[in-house]
Amino acid sequence: MATQLLQNYAAGRWQTGTGTGTPLLDPVLGTELVRVSNAGMDLKEAFAFAREQGGKALRALSYKQRAALLNDIVKVLSDNKAAYYDIATANSGTTTKDSAVDIDGGIFTIGTYAKLGEKLGDAQFLLDGERIRMGKDPLFQSQHILTPTHGVALFINAFNFPSWGLWEKAAPALLSGVPVIIKPATSTAWLTQRMVQDVVNANILPAGALSVICGSSAGLMDQLEPFDVVSFTGSADTARIIRSHPAVAHKSVRCNIEADSLNSALLDPAAAADSEAFNLLVSEVTREMTVKSGQKCTAIRRVFVPATLYEAVAEAISAKLKKTTVGNPRNEAVRMGSLVSKEQYDGVLAGIEVLKQEATVLFDGNSADLVDADKAVAACVAPVLLGTSTPATANILHEVEVFGPVCTLMAYKDIDEAHALIQRGEGSLVMSVYSDNPAFIAQTAAALGSHHGRIHAISPDVAALHTGHGNVMPVSLHGGPGRAGGGEELGGLRALNFYHRRTAVQASTAALDAMAATATKLEL
Ligand code: NAP
């Protein structure tokens, strides 16, 4: 018997796609869970409704009122959390701890924007910076303002964060007064669809403010108009299609891209074996490899250590990875669940073979049995640590992102070589640096900042406090230059920029005073 066909929500009503739809599977058991389809939907109507009705209603509210709506969303999602965990276990194959990164991470992010938004008060637009004199006489000045764009925000998301990936984008969009249409990645669309369903059924948002369209991406980009924005998260290949779509190329639709990234970890050359910095690196790399089975865009893919410590680090990471039990996330003995699909399983295994052209295997957990899962069915891949003592001659290792529990240890000769090798990632979301020397951390930030969206420094004094290399905190920037897509998300109120238009208003002091009286100054 066919499973349930999930409904789409668009143009203010629930809509069922035609046809049998695409099945969503349990990646551990191989069973079918639900189906998705948007075939036959009137996309033009969906976008026009969101743009016109949703946008107008949201813009009629103040930042503070929209922040209150975000708080209501937090309440509804928190009340329904148990169902989300069940869906994540079944559809993403994640352990409870890993599901929390996505589910609680998403809810936490909305809560953060609710708090930030409340401080913006009763205004409906923002002052950006100070007034600037344009001549000798101060009577005529320029003031930049930010007003919400009169369009819709289309989100095309990746499979690895069906909750957080929606809410980290939707929270700043809705706070800005911009309606959202979310198209989740098909393989894990269920959780996104269910969360939107709960928010819609709770009747929190104005009609048209939040829509979900599951299934094919065909035709979505064609609906975009000049004041719409599109935010894409996914592979570099799809990113190229989005960037070259006529909506972006000809209509200047604003476009944010979060693509793949070869994030690094760097150990201070002055670190000794078994020092605190050394041990912190070993723990963090192990954690990053195994959280969500390494399916995090921010996960550490390349680890740079002084050549003298290469073997000691390899041994220490391998010893920790050995303890990682892999299998059915429903079994409490399991530390790491599965990848999201058999396609990803095949892709990760193939990727490991590609990396092996330039690296040796330092640890491979795949000879161990799975816990409570059948190797022939489950999309489970155990951690694999690769290594090279000659990273300067490698190419593939600095180019190929394997989206699973896989990472490569690399020996560097001196700090200049380490910097050059890190930069061969051609722009990353995040790097972490492990050192007990504040001056070394500061030098690293200055030298490698241009290549990263975030630099996460782990020193012994913050060992118990730091938020984790791979965890994206809403107050910090997420996104990276170059191959990471060149996008920017979050960063507290900086995120509002994407959903607002900046305008220079050149006017008399009296007119600027009148304008300022109804606006809030944006304090980042
Ligand atoms: P993907 O294949 O590029 O898919 C991403 C999204 O694009 C999905 O919703 C997909 O829909 C849609 N899509 C596919 N073809 C499209 C087209 N021609 N036009 C418009 N949309 C299209 O990527 P993925 O395999 O899901 O994600 C894994 C990648 O995402 C990794 O490389 C990872 O590094 C990256 N990632 C980056 C971040 C970040 O924040 N930087 C976060 C997470 C993941 P269907 O699912 O229906 O095909």
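Keep in mind that what you see is a predicted model, and the values were worked out from it rather than measured. Each ligand, and each atom within it, is numbered from 1 in the order the structure gives.
- Not a single salt bridge (Lys or Arg N to Asp or Glu O under 4.0 Å) links Arg494 to another residue, sequence neighbours left out.
- Residue-environment remark: CD (Glu426) stays at or below the threshold of 12 foreign heavy atoms within 6.0 Å.
- Other residues, nucleotides and ligands contribute more than 12 heavy atoms inside 6.0 Å of the NZ atom of Lys251.
- Enumerated by chain and number, the residues approaching ligand 1 to less than 4.0 Å through a heavy atom are Ile156, Asn157, Ala158, Phe159, Asn160, Lys183, Pro184, Ala185, Thr186, Gly215, Ser217, Phe232, Thr233, Gly234, Ser235, Thr238, Ile241, Ile242, Glu258, Ala259, Asp260, Cys297, Glu401, Phe403, Leu429, His478.
- Scored by the side-chain contact (heavy atoms from CB on, under 4.5 Å) test, Ser283 finds Lys320 as partners (sequence neighbours excluded).
- With a 6.0 Å radius and a threshold of 12 heavy atoms from other residues, nucleotides or ligands, Gln53 has its CD atom above the threshold.
- Partners of Ser187 under the side-chain contact (heavy atoms from CB on, under 4.5 Å) rule, at least two apart in sequence or in another chain, are Phe159, Val340.
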